[in-house]
Structure formats: structure tokens, C-alpha cells
Amino acid sequence: MTSAYQPDAVEKAAREQWDAARCFEVGEDSSKDKFYCLTMFPYPSGKLHMGHVRVFTISDVIARYQRMQGKHVLQPMGWDAFGMPAENAAIQRGIPPARWTYNNIDDMREQLKRLGYAYDWTREVTTCDPEYYRWEQWLFTKMFAKGLVYRKNSVVNWDPVDQTVLANEQVIDGRGWRSDALVERREIPQWFMKITAYADELLTELDNMPGWPDSVKTMQRNWIGRSEGVELTFEIGGDHEPLTVYTTRPDTLFGVTYMAVAAEHPLASFAATDNPDIAAFVEECKKTDAAEATLETMEKRGMPLGISAIHPLSGEDVPLWVANFVLMSYGTGAVMAVPGHDERDWEFAKKHNLPITQVIAPADGSPVDIQQAVYVDKGVLVNSGEYNGMDFETAFHAIADHFEKSGLGKRTVNYRLRDWGVSRQRYWGAPIPIIFCDDCDAVPVPEDQLPVVLPEDVEFTGVGSPLKHIPEFFQTTCPQCGKDARRETDTFDTFVESSWYFARYACPDAGGAMLDERADYWMPVDQYTGGIEHAILHLLYSRFFQRVMRDEGITQSSEPFTNLLTQGMVLKEGAKMSKAKGNTVDPQELIDKYGADTVRLFMMFAAPPEQALDWSDAGVQGGFRFLKRFWHAVQTHVDAGSVVDVDPNELNDGQKELRRKTHQTIDKISDDIGRRHSFNTAIAAAMELLNAVNKFGDHSDIGRAVVRESLDAVVLMLSPIVPHICDALWQALGHATPLVDQPWPAVDEAALERDLIELVVQVNGKLRGKISMAADAHKDAIIEQALADPNVQRFIAGKNVRKAIVVPGRLVNVVV
RNA sequence: GCCGGGAUGGCGGAAUUGGUAGACGCAGUGGACUCAAAAUCCACCGGUGGCAACACCAUGGGGGUUCAAGUCCCCCUCCCGGUACCA
């Protein structure tokens, strides 16, 4: 009698065995190749959701596969524990953010354990722990000493009713999500990390990262956005400071017909002092959120300031406008406009009846009507005085030379990338270790006073940061002069914590330093897996931090992640699953009903990892059915008794065929999991092999031995995906050593050989027949037999065979 | 707006380097087993025509390159992610 598949009992037994043997706890073993397998750690939002299950299962499959390849595998887990949702929960439920967070961590840790992930739990890292964030505070003070951090004004969303800074996500159609008040743009002083100091390295090293997807590298390249251009100065009459602008198209300089400045620009303020219309417009411009998408898609509006700049080449007056699409804190707060050769400038000029001048003509001489359509291509200069007739390159350098000689401009390499603003006017984050002193200005907290601990037992109302109301927190003395001083109450952007946690996993208990020598054993991460939504910010900040740590001398590698797998989102009804949208699916129900293995299997089977997966409940059932068939097949085989050793050379044709299928499948699944990360097709191949085994009617001793080889292989190869059931089946198959210590099965090349192969015959590219040929048949023999096929004859009858193309091992195409 | 990605049967997907479109599974239909149901097993399962052999059509839309295009090129539509304070 075979026993029924009972996932609860099977999974419990496997877990207990792994725990007892401490299978996944690893030290540093220099005799083996290390493999550091990591997922983007979760934000402890409450319960696991399907996106978590997907990313953790992908990584667990890779980790377990690499272990079977003989690697020394580290797979750690931790918690990205600071963030806004804890504050929202605090407002809604009156629970302190810390308690809410720790409760969630406890719940989610249990769920992760239930899913059977091969984690080394002894290395768990939680970012809201002062023993964690003290080290990023420490690094910040080191960066301060090197001039890699600075303070400057920058723009935030201000809710005038709640008197609070809002995240972009909290602004809905220009209004505060709780107050419904129109949001205003405000400039306040904030701390910045000088990521631009590394812009060039971050850009050029992308060329040496073959383990990253091209799409992510392209996005990062475009985000960094290196451009070569010219910075030039326009004089303004009166006492005004000249305007400096940057352009990548100095060749279009004669086409400048107006300029635009930001609402916060001193020239706008000046013009507004005695012009109420301009003052009103300037105020109006500030009533918008600060998101780039808003800025670029909103209606472009502007007003003339009644001030002119002097064109540096022609000497003509160029009118100045104030415009809502120019931001003071990005670049110089001023832009030159060339409506003839820039899309946005053209539309603005049309709307406001500003002159449009053609200064570039197509190189091939074809006519262009600049009043009807903008011309943005590079060409030859016209209407540009002494520069007429030059092409882009020549004009660029001639004009740049002119400005460098006159001192009114210079060639400049510019980056789209902006320095990283790390200040948040929020409570639930790591305190920024700065003390403000009236005499000494901003002073970093000395190392022996770190960490600056965030008080956890607070009342949180959502109006401003509670830290501003806790004198014990902000009242302090200046570390330099000893006078009374005030502690910074802003906290770090949570991306700071996630920019170095991967290195801390190597040495989570290092008490005296941010990292120790164990980081050099484990880093860089060999395989990093996470959502494509992190393609730019998190991954770029991490690459930056890794370099800052390198330059601080505490770690050696420059790049944190050698191979990157960006898994697609789990969507529900076509949209990102999120608590905010309320469209989450609880994996726990499925785990309770079918077990962890079914959930893991279905998640891997439903779609390739890199693709978005629109969740549907249907189909999980099929995964469960497959596991039952799998269980039944092994049990039935085992119940029929033990098997004999056989010589592969003594098999009959049917036995040879199943054995060939087994080794073809090993070949395919090894490639699918190891190289392609194509888990869905790996599972499909395993299903096919199992279907073949179930259809195999040969119950002779030799036949059963061939089946045994197939079953052993399927159990081994599915074990990274469904480890619990495979563990039980491995034991059932009579193996004494635990499955978790088994090597990956090897392909017997001899088993793959075959005498006859099938070739497809096409006529003019359309399938017309199939022929069976010796594997080493000559091209002419193949064509001869293809032409002899009766159906092929029908289609070539009465026509000339112009040629025949033979694709070895695949097909023949007869062209008539 | 800009940057990156995607679209293949009723559904999820396969086709790895330009070479048989629809593997594997879900749903469905018919049958076996059963008093019955569930479970399980067997068969069928893109569309049109045909008794069948087979033929024609078909990979979001339009054009192109090629002996051969889901795959390469050009144009377009829609959807998803990011857009610097969601993480």
C-alpha cells in the first residue's frame, strides 16, 4: 500500500531535519568556492505577499542549485525596517512604529520558515536596530570629513494644512492625501551625499558588468546621463548677476529667442516686487508637487519679466520669462530657449507668440519650414553669422573656443544625475548624526557618541516629527566648543540602510567596525535577485555606497552585485500589488491548503522570473496534482521492490529511449536552472519526463532499473524548487545520505546518442513533410529523400527546384 | 513628457543562435471507475473548410528584409515599471 501525499507532515519533517543539522548555517571556508546568494530584503509590512514569495523562491532555487554544484552557499535574510508605512500604521492604530515593525518581523519570519527557504538565520539583520544604523551614522561622519556630504536647499512637497512634508506618493492630483489641501513646493535645507563625485565611475564600470541585464544597465546609463556641452553666460543689464546656462547644443545659440528662469529665481523675485501679476504667477508656480513626471507633463506656463539678457554673440536683447517648468534647485535655475530646434521650446514659443528662428538646416539641403514643425536633428548652421555652413562638430568647437577665449563660458561635462538628498523630515528612520551649534555650525557627532539612538517609545500623530518635541533627544552640547546645541531631527532616507546591508550580512555581529575581514570573503554578492522597480535608485545607491566603503578602506570590491536577476512584478488585475491599492493576495491561505511546495512550484511554473506575472488563483491546483502524481509514481515504484544494477549497453530500444529522455532532461534542466534561470521550462521538462515514466510499461528488472534512474534524477532536479517533498521521496528511494547534501546529477553523453533523426521538409518555407535520416547522413542524400516525399512531390510537380537549403539536424527547405 | 520593458489559443505560458508556432499546465468537452460524488485514469482541445488525407488563415496593428520572421529593421496602438520623499 502506498501512502497518500500529506504536505503538512512531509514539510514539517524536512524542516526539523534541516534545523537539527543546521544545514544552512555557514562560516567562512576558503577551501570551497563561495556563492553569496541574496534577495532584496523585505520591508516588514505585515504579512508576506506574493511578490515576496516569488523573489525568495527564485533565490532559494538558485541557492540550493549552487549548493548541489558544490559551492559554499550563503543565503541570509533580514529586514528593511525603517519606512513610512510604520508611521501610517501608528497614525491609524495608535501603535508606536517600533512595536508595529517588530511584530510584523516576528510574523513574517515565521512565514518564511514555513516556506522552507535555506537561510542562515544566525545572520539576520534588522535596520532599525541601533547596532545596525550606528555604522551608517559613522560612515556619514567619515563622508562629512571628506566633503562627500553637504547641506543645501532643496525642494519638498509642503502640506499647508497638516504643516508636514509629504512624500511624492502622498500627493494625489496635487493635493495632500489626508488634508486634501493643494500641495506647495518649498525649498528647505537638507543633507546631500555627493554621488556625482562617482558619476563617471558608476557610468563607465557598467561596461564591465556582464552579469547584469542590458535593460538595467541602459536605464542606469540614461539616468546618470553624461553629456558634453558648454556653460555660457548671458549678461543682464542693471545690477543683476549674469545668467549662466548649460547647453549641449551651442550650435543653436543664434536661435535663442528667449530665456526662462524658475519661479524662485532672484530675477523673478525682483520683477515681482513691483508687478502684482508676476508676483501672483510666481506664487501660482509653487502650487505643484515636485515630481519630475508632474513637471514634464503639466501645462507649460510662463510670463514675461520685462527684463532682457544680452545675447553673447549677436548682442541682441533676449527677453526673460519666468516659467513653471524650470526648477531652481536643479542646475542653475535658468535655461536658454531655442524654439526652432527644441520640442518644448517650440511649443512654448507657439503658445506665447515668441519668435522662432531657424539656425540649423538639414545637411542634405532639403527644405524645412520651422514655423510649421520643429527641427531637432543636427545639421549645418544658417543665420549664424561667421558660423554659417559649419556642421555640428565644427560649430560646437568654434563656439566653445570663442567663449573660453572671452572668459564668458567653458566646455563642461554635465550629468543628469543629481546628488542624493538623504534628509527626511520623518520620525521612523535613522537619526542624521549632526549637531547644530551657533558658533561651530553643523558638527558631526563624534564616534564615541554613536549611535545617536532613535527614541522608540513615542506618540506619533502624523503632524510633524515627534523628535522635535522630545527635548531629551534634541537638546545637547556642541562636541567642539561645549556650548548648548541642537541635534538634527531629520532622519536618513531609508535607501541609506539598504545601500550596505548586503555587506553587513557577512559580519552581522562585528561590534567594533562597520565591516570586518569576513566581508572580503563573501563580497561581492554572486547572485542578487529583486524587483525591476529597483533598477535605478536602490541599485545605483548601493553601487555608490560600496565605493564609499571601499575608499574608506573597509572593504575591497567596487561592485556589490556580480550577477543581477530582476524579477518581474506580481500584478493583480494588471496593477502592482500593494497595500495602498488593497489588491494583495495572501499566500498563507494557499500554504495552509496545499503546503509550501505547491506554492513554490506554482510560483516558479506560472511565468519566467523576469516577466510580470498577473496573479490568478486558478492553476495552483494543477501544481498540487502534479506533486501528488510525483509522490504516487515514486511510491508505486518503491513498493514494487528493489532494483538491479544494469549495464547501459544491454538495454532494448524502449529502455534506451527512456534513458535518453532522462539524460536529455538532465541536460535541459541543468541549463534552464543554472544558466537561463528559466524555472518554468525546467518544471515543464520534469513533468514531461515523469509523464514518460508513467507511460513506460516495462516492469522487467532492467526496465525498473531505468525507471529508478529517471526518478532519482527528477527528485534531485526538482529539489531546489520543491525541497520538502523531494527530501521525503529521496529517503523513500532508499538513499541513506540526506538529499540536501547530494550533488547535482550528471549527464551521460553516451545516453544522448541516437542513430536516426527526424528532419522537417519545407517547400518555399512551408512545412510539407517529415523524413527520418541517419544522424550523419550527407546533405545530398537528405535532399534526395526530401524530394522523394509524396507530399513534397505534389508541391514541386511541374516546377523547377531552384535550390534546397539544409539546416543540419533540423530541416530541408526546397525552393521552387 | 522622458527612460526601460511587454503584447502568442478561452487562460498562464513554450519556441534558447532567423529554421516544425502553441511544449508543459489550467479551464473545458467526451469516456472509464463509482449507487452517487470527489479523487484518479483515458481521449479530444487555435480558427475555417474537408469523411479523411490535407489545405488555407493565425503570434497587438501597418509596412519591409530573407529560401525561411513570434524572433531582425521602420512606423503605430495599448499595457506595465521607473521618474530622484512608496519600498
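First the proteins, then the strands, lettered A, B, ... as listed; each starts at 1. All of these numbers come straight from a predicted model, not from anything done at the bench.
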How close or far is atom P of rC24(B) from atom CZ of Phe679(A), stated in whole angstroms?
->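 So the CZ-P distance, Phe679(A) to rC24(B), works out to 22 Å.
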Determine, for Trp158(A) and Arg185(A), whether the Lys NZ or Arg CZ falls below 6.0 Å from the six-membered ring centre while staying within 45 degrees of the axis.
->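 Judged by the rule, Arg185(A) and Trp158(A) form no cation-pi pair.
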Specify the residues of residues 682-690 of chain A, ordered by number, for which at least one heavy atom lies under 4.0 angstrom from an atom of RNA chain B.
->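 Contacts with RNA chain B under 4.0 Å: Ala684(A), Met687(A), Glu688(A).
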With sequence neighbours left out, what residues match Tyr132(A) under side-chain hydrogen bond (donor to acceptor under 3.5 Å, both in side chains)?
->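 For Tyr132(A) the side-chain hydrogen bond (donor to acceptor under 3.5 Å, both in side chains) partners, ignoring immediate neighbours, are Trp500(A).
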For the pair Asn791(A) (side chain) and Arg768(A) (backbone), establish whether a donor and an acceptor sit closer than 3.5 Å, ignoring hydrogens and angles.
->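 Yes.
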Separation of the P atoms in rC79(B) and rU8(B), to the nearest angstrom |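 Looking at atom P only, rC79(B) and rU8(B) are 15 Å apart.
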Taking side-chain contact (heavy atoms from CB on, under 4.5 Å) as the test, write out the residues that go with Glu299(A), two or more places apart.
->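 Here the qualifying residues are Arg301(A), Lys351(A).
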Sequence neighbours excluded, which residues qualify as side-chain contact (heavy atoms from CB on, under 4.5 Å) partners of Ile91(A)?
->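 Testing Ile91(A) for side-chain contact (heavy atoms from CB on, under 4.5 Å), a comparison that skips the adjacent residues, returns Asn88(A), Arg178(A), Phe460(A).
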Go through the structure and list residues passing salt bridge (Lys or Arg N to Asp or Glu O under 4.0 Å) with Lys668(A), not counting sequence neighbours.
->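 Lys668(A) satisfies salt bridge (Lys or Arg N to Asp or Glu O under 4.0 Å) with Asp672(A) only.
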In the strands shown, is rA27(B) matched to any nucleotide by a Watson-Crick or G-U wobble pair with both distances under 3.5 Å, and which?
->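 Pairing partner: none.
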Of Arg676(A) and Gly623(A), the one whose closest RNA chain B nucleotide lies more 5' =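 Counting from the 5' end, the first nearest nucleotide belongs to Arg676(A).
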Would you please confirm or rule out a distance under 4.0 Å between OP1 or OP2 of rU83(B) and any side-chain N or O of Asn168(A)?
->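 Answer no for this pair, as no side-chain N or O of Asn168(A) is under 4.0 Å from OP1 or OP2.
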Asn680(A) side chain near rA23(B) phosphate (N/O to OP1/OP2, under 4.0 Å) |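 For rA23(B), neither OP1 nor OP2 has a side-chain N or O of Asn680(A) closer than 4.0 Å.
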Listing, residues 601-610 of chain A side-chain donor-acceptor contacts under 3.5 Å, not counting sequence neighbours, or none:
none

When you compare the protein's N or O atoms with those of nucleotides 37-45 of chain B, which come within less than 3.5 Å of each other, and at what distance?
none

Atom pairs under 3.5 Å, N or O on each side, protein against nucleotides 47-49 of chain B: can you list them with distances?
none

Tabulate atom names and distances for all N/O pairs under 3.5 angstrom spanning the protein and nucleotides 20-22 of chain B.
{"from": "rU20(B)", "atom 1": "O2", "to": "Lys770(A)", "atom 2": "NZ", "distance (Å)": "3.4"}

I'd like a table of atom pairs between the protein and nucleotides 28-30 of chain B - only N or O on both sides, under 3.5 Å - with the distance next to each one.
none

N/O to N/O distances under 3.5 Å, protein versus nucleotides 3-8 of chain B:
{"from": "rC3(B)", "atom 1": "O3'", "to": "Asn222(A)", "atom 2": "ND2", "distance (Å)": "2.7"}
{"from": "rC3(B)", "atom 1": "O2'", "to": "Asn222(A)", "atom 2": "ND2", "distance (Å)": "3.1"}

Sort and list the pairs that fulfil side-chain hydrogen bond (donor to acceptor under 3.5 Å, both in side chains) and have at least one residue in residues 799-816 of chain A, not counting sequence neighbours.
->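 Listed once each, the pairs would be none.
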